Amino acid sequence: MRARIAVLPGDGIGPEVTREAVACLGQVARTLGHDFEFQSHPVGGYALDAYGVPLPPATLEACLDSDAVLLGAVGDPRHDKQPAGLKPESGLLALRQGLGVYANLRPALLHPALAASSPLKEEVVRGTDLVVVRELAGGLYFGEPRSLDEDRGVNTLPYTRFEVERIARYAFDLARLRRRKVTSVDKANVLESSQLWRRVVTEVAADYPDVALDHLYVDACAMALVLRPSSFDVILTDNLFGDILSDEASVLTGSLGMLPSASLGGKVGLYEPVHGSAPDLAGRDLANPIGAIGSAAMLLRHSLGLEKEADALEAAIAAVLTQGFGTADLGCQPARVGTRGMGEAIRQSFARELTGVSA
Ligand code: IPM
Ligand code: MN
């Protein structure tokens with residue numbers, strides 16, 4: 001098959017983890033005779049330096065014209081004093097909006113070899129396999145009015161029935177492919193928009209009698225995630241709560257560097273690790289590329305329909321972890337490797353996994 005993949009390495013450790021993920025996709029193409037075309041485009045602080053805007057129009061156009069977008073990370077402390085619209089992060093928000101992606105899937109799966117790397121006791125974290133379904137196109141991140149002056153900063157948290165219903169259906173459909181359990185997370189004891197959220201999610205649930213639904217307030221969910229993480233299957237939540245809870249969920253699995261994500265439901269799928277640009281690690285061959293490589297696996301599955309290849313790449317990640325390979329963020333490992341070493345180990349294992357996949 002032919003596919004055009006837009007690559008947006010971005011800032012900090014973005015380029016180095018993205019390089020490893022692109023190499024895995026290249027390996028799929030070479031091994032199975034696909035024709036993948038990779039084109040890099042500027043975003044974030046890198047784009048601000050070069051073009052004065054965090055998302056140059058040409059980058060968005062190229063992404064809209066591609067089959068999938070693979071992004072590294074955005075964020076650069078040198079640009080922190082910029083007004084909201086000119087921060088590196090606003091480039092990512094504009095990209096999500098431009099692509100129309102509203103469903104952000106963030107799977108947190110504990111690999112057995114990493115149980116000791118989790119900050120939780122092994123018996124608590126064992127069996128954790130959840131996915132955060134984060135609403136990505138609305139809520140507090142995009143709400144109007146918003147403003148900032150010397151004495152007052154204002155943001156607004158709106159949700160419409162339409163927005164809640166489409167993300168709820170996404171979560172329930174996904175739950176049907178998993179363990180058929182949705183936990184909807186809101187703050188309905190305080191927020192009107194959460195009351196609408198809860199009402200609409202409950203209505204949607206009526207169409208999915210085979211899926212169990214429960215509701216949690218976000219504060220209780222933050223607590224439950226560390227008390228009983230393995231009890232969750234699909235966590236359905238809004239843009240802000242999903243941002244926060246997915247960072248929390250990620251470290252349960254050993255490190256923030258482990259989590260991949262897919263942003264779907266729009267014109268083109270966007271794939272990026274959940275971690276940020278980690279400027280302190282940049283250029284030091286220290287960053288964990290597994291979140292980025294796992295995002296490449298999600299790209300194969302959701303945008304290119306290459307399910308077996310995606311499974312094989314995830315199996316390759318699992319295999320190297322079983323062998324004891326780990327980057328510094330995963331704590332003391334018998335086989336500590338850098339970003340490149342981890343990427344190479346995964347590709348060696350991937351080569352074996354791919355022999356079982358025919359084009
Ligand atoms: C994430 C990030 C972004 C977000 C930032 C960089 C805008 O934290 O993808 O989780 O808050 O969505
Ligand atoms: Mn985040």
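Start at 1 and go down the list; that is how both ligands and their atoms are numbered. Model, not experiment: these values are computed from the prediction.
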contact_flag R106 ligand 1 heavy-atom lt 4.0 Å:
yes

Sort by chain and number the protein N/O/S atoms found under 2.8 Å from the Mn ion (ligand 2).
D243 OD1

Between D219 and K187, does any side-chain N to carboxylate O distance fall below 4.0 Å?
yes

Modelled atom types, side-chain donor and acceptor of H275 and S250, under 3.5 Å:
no

Classify the angle between the aromatic ring planes of F36 and F38 as parallel (below 30°), tilted (30 to 60°) or perpendicular (above 60°).
perpendicular

Candidate with minimal heavy-atom separation from atom 12 (O) of ligand 1, of K87, E272, R96:
R96

NZ or CZ of R166 within 45° of F172 ring axis and under 6.0 Å
no

Looking only at side-chain N and O atoms, does S303 offer a donor or acceptor that is under 3.5 Å from a partner on D67?
no

Validate the cation-pi geometry between R352 and F350: distance from NZ or CZ to the six-membered ring centre under 6.0 Å, angle to the ring axis within 45°.
no

Would you check if there is a donor-acceptor pair between the side chains of D243 and Y141 at a distance under 3.5 Å?
yes

Starting from atom 8 (O) of ligand 1, which protein heavy atom do you reach first, and at what distance in Å?
D243 OD1, 3.4 Å

Please determine if D233 and K181 form a salt bridge, counting it only when a charged side-chain N lies under 4.0 Å from a carboxylate O.
no

What's the verdict on side chain to side chain donor-acceptor pair (under 3.5 Å) for Y217 and S194, showing C-alpha distance, side-chain angles and the deciding distance?
CA-CA 9 Å; Y217 297 137; S194 279; over 6 Å; no

If you measure every N/O of E89 against every N/O of ligand 1, is any gap under 3.5 Å?
no

Residue, atom and distance of the protein heavy atom nearest atom 11 (O) of ligand 1 read Y141 OH, 2.8 Å

Is it true that H275 lies under 4.0 Å from ligand 1, counting heavy atoms only?
no

